Every structure is written in structure tokens, then in C-alpha cells.
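Only one structure is covered here, and it is reproduced in the block below.
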Amino acid sequence: MPELPEVETVRRGLNQLTLNQNITGGDVLLNRTIAYPFSVDEFIHEIKGSAIMTWHRRGKYLLSELSSSAGYLGVHLRMTGQLLWLHRDEPLHKHTRVRIFFGDQQELRFVDQRTFGQMWWVPPKVAVESVMTGLAKLAADPFSPEFTVEYLAAKLQNRRRPIKTALLDQSVVAGLGNIYADEALFKCGVLPETLCTDLQLKQIQQLRQVIIEVLETSIAAGGTTFSNFLNVKGINGNYGGVAWVYNRTGEPCRVCSNVIQRIKLGGRSSHFCPQCQR
DNA sequence: CAACTAGCCTGCAGGC
DNA sequence: TGCCTGCAGGCTAGTT
């Protein structure tokens, strides 16, 4: 499940490999992967002939600027999406959904087992948020100057919902998913079911700090291994092994040896240490 | 408006 | 061995 660090890792890889490469064509193997436009033929037609200028990231969304003012190419990996930079002769993976062809027999291949991943072509002179509608409600990026304690406190103020649920809400903080939300809550010693309104300002300060730390650590390591994440070159990250609580139900806490517990919040698993988190 | 839930989808683990 | 159930979870749409 790619979260901000994995998406950022992919972005950096794409910026190393795909810049100034001219799109010569493409093939859509699963139509509903293309969220816009409705016609997959139009999608291929519109991106063809352009070069990739720069890849940007907003939350977990990837956006590439197309040359000659040809708009943008947008990608969301959702849970199992992978972007792989391959030679075009590479045998097709079972879950190949979209292929984008470049010169020198190179290919950007979108492989996605669970088919939730999406791609968009955003026409020029159109607000990207109007096409990639998820962008419209996106909160500040945790690494932006905008993501201050005051900003986070305002988002959590008077909210009677669990902090874990709030952290997964992309309009509260952009880029967190289930892994890093659990890890951040462990690191600041807060139970996932704690209501937002019950958090002290000091705890929100800590929370902001650990969110940034946890994400930075993972980016530095090239993304997580405790998912089937692969970077653009098909390599797994190496954040793995150091998860404090995520997916460690029944195992001893790395700090106090108490048994890691799991509860469901908002239909999602939350892992925590009942001793270290209060 | 806030909070919550179902649904989308495939593969895999565990029970019997 | 094979069938069944539950689980994995980002995001949207719909309900309370």
C-alpha cells in the first residue's frame, strides 16, 4: 500500500528515468484504469507526441507535466499499483493495466493487482483539481511550511472522532496511510481511538513532529518493505523490519515487551501497544 | 456539517 | 486437496 514515502520514492525514480522522453504511443489493457478521459483511445491520442517534463507529487498523487502545453498525466497507485520502467520486450506481468511507450524500446508499465489504481489525462488550461477531483480536498503536505502545529490543531479542533481516523483523512494531512498513521501514533504515545478533541496541544505538537520523522525515515530508506511496494526499477524498499506496531498483532512491543493489540477503527486495522500508548 | 459505512477488487491465509 | 470466509486498504458515494 503505497503511502507518501513510497509515492515520493517512485516520483524520484521517474524524474531520473523518464524526463524529456517522448511518448510514442501506449496500450490500455484495463479500460477503467483510465479515470479521464472516458475514451481510452483519446487518452493515448492526447499524451502521444509529448515528452515528460517533471513529475510532481501531491499527497499520494503523481502528476507529470507534458511538454508543448499538452496538459498533465496523473497517476494514483492506490493499494497495489506499480509504475515500472522497462524494456518493451519484458514479458507482460499478469496484472499489467496500462503501457506507455517511449523511444529506444523503453516503456512505463502500470501494473496493478487489485485494479484500484487510476490514471488521468488533464487537458491544458483546465484546473487539475477539476479532473483529478481528489486533489481538491487534499490537505497540506507534511513537509510544506503550511503544515504547522496551528494548522494541524485547527483540523483536529472540536472533532469527536478517533485520531487514527483523522490521520487517514487526506483533508487533514496529505499522504499518510495505515502503516505510517499507526507508526506515528506509537511514536508519540497516543492511542488510536483517542478523540481528536481530547488531544492536548503538546500532543498535537509531538504528533506533527513524529509524522514528519516517520515519513522522512522511510523516504531515506527508499520506501517500505512491509507491503508489495516496488520502486520504478522494481526494487523493494528497506524501511522494513523496523515497524514498531504495524502488522505486529500478538508480537511483543519493541520497547516494553507488552503484546501489540489490534482494533478496528473506521473499518481499518489499527495496531498499538497498550502500555506505551495512552 | 460531521461521522460513519458499503463497495470497489484480487490473492492469500486459515479453518474445516 | 478444496471450498469457504475473512482480511488487506485508499478513496468515493451514500446514509445517518
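Reminder, nothing fancy here: chain letters follow the sequence lines and each chain counts from 1. This one's a predicted model, so the numbers in the text were calculated from it and none came from an experiment. All heavy atoms count here, side chains included; hydrogens, waters and symmetry mates do not.
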Please list every donor-acceptor pair under 3.5 Å in which a side-chain atom of residues 20-30 of chain A meets a protein atom from a residue at least two apart or in another chain.
| from | atom 1 | to | atom 2 | distance (Å) |
| --- | --- | --- | --- | --- |
| Q21(A) | NE2 | L17(A) | O | 3.3 |
| T24(A) | OG1 | F101(A) | O | 3.3 |

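Ring centroids of F102(A) and W85(A) are separated by less than 6.0 Å, placing the two rings close together.
The distance between atom CG of L265(A) and atom C1' of dA3(B), rounded to the nearest whole Å, is 13 Å. Here the C1' atom of nucleotide dC1(B) and the CZ atom of R159(A) are 9 Å apart, to the nearest Å.
Applying the salt bridge (Lys or Arg N to Asp or Glu O under 4.0 Å) rule to pairs touching residues 85-106 of chain A yields R99(A)-E107(A), sequence neighbours excluded.
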Tell me, for nucleotides 4-9 of chain B in 5' to 3' order, what letter each nucleotide earns: B for a base near a protein heavy atom under 4.0 Å, S for only sugar-phosphate near one, - for neither? S--BBB

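Judged as a ring pair (Phe, Tyr, Trp, His ring centres under 6.0 Å), and not counting sequence neighbours, the contacts of F186(A) are W244(A).
One finds no salt bridge joining K60(A) and E8(A) here, because no Lys/Arg side-chain nitrogen approaches an Asp/Glu carboxylate oxygen to under 4.0 Å.
Of the two residues near DNA chain C, Y61(A) and H271(A), the one whose nearest nucleotide lies more 5' is H271(A).
For DNA chain C, the outermost nucleotides in 5' to 3' order that have an atom under 4.0 Å from a heavy atom of chain A are dC7(C) to dT12(C).
Taking Ile, Leu, Val, Met, Phe, Trp and Tyr as hydrophobic and joining them when side-chain heavy atoms fall under 4.5 Å apart, one finds M53(A) isolated, its cluster having no other members.
No donor-acceptor pair under 3.5 Å is formed between the side chain of R262(A) and the backbone N or O of S270(A).
When all heavy atoms are compared, the tightest approach of L138(A) to A174(A) is CG-CB, 3.9 Å.
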